[in-house]
Amino acid sequence: TGGIDQRMNGICAGGTGSFIDQMASLLQTDAIGLNEYAKSYKSIYPIAARCGVFAKTDVQPLINEGATREDLSASIFQAVVNQTISGLACGKPIRGHVAFLGGPLHFLSELKQAFIRTLNLTDEYIVDPDNSHLFAAIGAALNCESKDAMIGISDLIAKLKEGIEMAHEIARLDPLFETEADYEEFSGRHFGHSVKTEDLEDYKGNIFLGIDAGSTTTKIALVGEDGSLLWNFYSNNNGSPLATAISAIKSVKEKINPEAKIVYSCSTGYGEALLKAAFMLDEGEVETIAHYYAAAFFEPEVDCILDIGGQDMKCIRIKDGTVDSVQLNEACSAGCGSFIETFAGSLNFSVQNFAKEALFAKNPVDLGTRCTVFMNSNVKQAQKEGATVADISAGLAYSVIKNALFKVIKISNAADLGKHIVVQGGTFYNDAVLRALEKISGGFVTRPDIAGIMGAFGAALIARER
C-alpha cells in the first residue's frame, strides 16, 4: 500500500550494538574481534539475547566447558538475530527486499550473514549499500531544505569547538556523603555489625556445618555452640558446585581439631538437594529461611531483608518472626552486581576503585532505573555534560537501589520497607550502594561483616538449632 510499518525496541535494549560490545568484553576482545572469530565457527549454542547480564549466565558455563571463541562469537551474533526478529517482527514474516543499515551491520559481516542465513535471503533481495552506516546522517543532510541555515565549514568547526553550551538534561542527586566526617560516622556504625569469630584449629566441642550452593558461587560456614564463626569459605563454582564443595570440605578435614566434631549439618541454595545427597547432610532448607536465621542473628527485630547478588536480587519481608513474603527479580537483572561490574569495566576501573570514586561525588547523576544498555546512553549523555567518573559511580549506586525498590519489590514509598533492614549479598560490600539505600529508605540498615556468606551462616545456625 506504500504505507510504513515502523517498529522499535521497547524498554529492553538486548541485541543492540552495546549488547555486542558487552559480550565481546566477556571474551576479552572487541566487536571486530568477535566478527573475525565467527568466520570460523563450527556450531551454534542457544544464548539469551534479551539482556547482557542474562546472556553472561549462558556464556560463562559454555566458556567453563571449553566452548571455542569461534563458536561463542557466532552464537552471540545468532542470539542478536533471534532477539531482533522475534522482538520486532512479532510473528509477521520479513519478506521482500531487506536493507542492512547501521554500524553493527556495516562493520560486522558475520552478523549480517547470520541475518541472511536466518531469513533465507537470496542475493536479489539483499540491499547492502557501501555507506550503510551513514544513512541516518545522509538522510539528515537531504532533509535540510532551508538555504538560510547555510554556514561556512571554518565557522562550523569554530562553533563546534567553543560555541556550544548544553543544559543539564540529566538530573542531579544529593551527594552520598557531604563531608569526610559523615563517612567516618557511617563506617564506625557499620563496623559494629560483626560476628564473633574463633579459630577452627583451636576450637574443641560440637561444630555445625552450613553449605549454600548458589547459582555461581559456593559458600560454607562452620559455627560453634555459641554461634561464633569458626571458618568460612566463598568461591566461584567454576561450573561444578560439587567439586568446589569437595575441595573445601577436604581443607576443613585438615584443619579441624581432633577434640572437635561436626555434629549436624544443613544445605541451602540452588544446589541444596544435590549437596545434601552427595555429603549425606542432615537437613536441607529453602534459602529464604536460611537468610532469615542469619539476619535475625544480627538484628532480632528485622522486618526486611534485601539481598543483591551478581545476577539476582530478592526482598524477604518478615512479620511477627516469620517470613511473610518474598520478591525476586524476574526477566530483568538491572541493578545486580554484574551491572556495576560492567560499567566499572567500560570506564577502565576495578569494581573496588569505582566504588571508592562514588563516596565524595559532588553531583551524582540521576541515571534512572533501566537496564545496563539503556543506561549506557544516559552515562554518555552525562559525560558530554561534564559529569566525572565519581558522579557516574554515585549515580549508579542510587540506580541499583532504585531498581531493587521500585522495579523488583515494586513499592511506591521507600518507607514501606520497614524500620529494621538487614542487607546481604556481595553488592552491599560497596559502601556507596549501602549509603544510597540509607538515603532513599530513611530506615536503620544493618550490614553484617559476612554479608556475602549469610545463606551458609544461616544454614549452620539452623543445624545448631535442630
Side-chain angles (χ1 to χ4, degrees), residues 11-13 22 51-54 56 170-177 186 190 216 304-316 327-347 349-361 363-379 382 387 389-411 414 417 421-443 445-447 451-452 454:
I11 59 159
C12 178
Q22 279 184 31
C51 161
V53 177
F54 277 108
K56 230 181 192 177
I170 306 272
R172 300 301 168 113
L173 300 162
D174 293 338
L176 292 169
F177 297 99
F186 165 90
H190 287 289
T216 56
C304 176
I305 301 165
L306 193 59
D307 182 348
I308 301 184
Q311 294 167 5
D312 59 352
M313 58 171 91
K314 57 182 166 286
C315 173
I316 304 168
Q327 281 112 348
L328 301 161
N329 59 320
E330 292 160 14
C332 180
S333 51
C336 296
S338 281
F339 177 80
I340 293 180
E341 200 180 323
T342 302
F343 270 105
S346 69
L347 295 168
F349 274 79
S350 69
V351 178
Q352 290 78 8
N353 289 339
F354 191 61
K356 278 181 195 156
E357 288 286 325
L359 299 176
F360 301 106
N363 301 296
V365 288
D366 187 353
L367 297 168
T369 54
R370 295 172 85 187
C371 80
T372 346
V373 179
F374 272 116
M375 220 169 270
N376 251 331
S377 56
N378 280 4
V379 167
V389 170
D391 292 336
I392 290 166
S393 180
L396 281 169
Y398 274 113
S399 287
V400 165
I401 297 304
K402 286 181 178 175
N403 266 321
L405 302 191
F406 306 124
K407 281 183 75 176
V408 177
I409 309 165
K410 298 183 175 70
I411 57 173
L417 278 178
I421 304 164
V422 174
V423 297
Q424 47 199 44
T427 304
F428 279 110
Y429 285 132
N430 180 332
D431 282 346
V433 173
L434 181 63
R435 178 63 167 182
L437 176 60
E438 288 188 344
K439 300 268 286 186
I440 291 168
S441 71
V445 180
T446 301
R447 175 184 61 185
M454 290 285 274

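- The structure places OG1 of Thr446 at 11.0 Å from CD1 of Ile305, a figure rounded to the nearest 0.5 Å.
- Asp431 pairs in a side chain to side chain donor-acceptor pair (under 3.5 Å) with only one of the listed residues (Lys356, Arg447, His190), which is Arg447.
- One finds the CG atom of Leu405 at 6.5 Å from the CG atom of Leu437 (value rounded to the nearest 0.5 Å).
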So Arg172 and Asp366, side chain to side chain contact (heavy atoms under 4.5 Å, CB included) or not? Walk me through it. CA-CA 5 Å; Arg172 300 301 168 113; Asp366 187 353; over 6 Å; no
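- From Ile401, atom CD1 reaches atom CZ of Phe406 across 10.0 Å, with rounding to the nearest 0.5 Å.
- Nearest approach of Asn430 to Ala432, heavy atoms of both residues: OD1-N, 2.9 Å.
- Note: Phe177 and Phe186 have perpendicular aromatic rings, judged against thresholds of 30 and 60 degrees for the angle between ring planes.
- No donor-acceptor pair under 3.5 Å is formed between the side chain of Ser393 and the backbone N or O of Val389.
- To the nearest 0.5 Å, the span separating CG on Asp174 from CG on Asn363 amounts to 10.0 Å.
- Across all non-hydrogen atoms, the minimal contact from Arg435 to Leu176 is NE-O, 2.8 Å.
- For Ala436 against Ala397, the heavy-atom pair with the smallest separation is CB-O, 3.7 Å.
- Separating the OG1 atom in Thr427 from the CG atom in Leu434 is a distance of 11.5 Å, to the nearest 0.5 Å.
- Here the closest non-hydrogen pair linking Ala361 and Asp391 is CB-OD1, 3.7 Å.
- The heavy-atom pair separating Asp307 from Gly425 by the smallest distance is OD1-CA, 3.6 Å.
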Leu367 vs Tyr398, test: side chain to side chain contact (heavy atoms under 4.5 Å, CB included). Steps then yes/no. CA-CA 8 Å; Leu367 297 168; Tyr398 274 113; over 6 Å; no
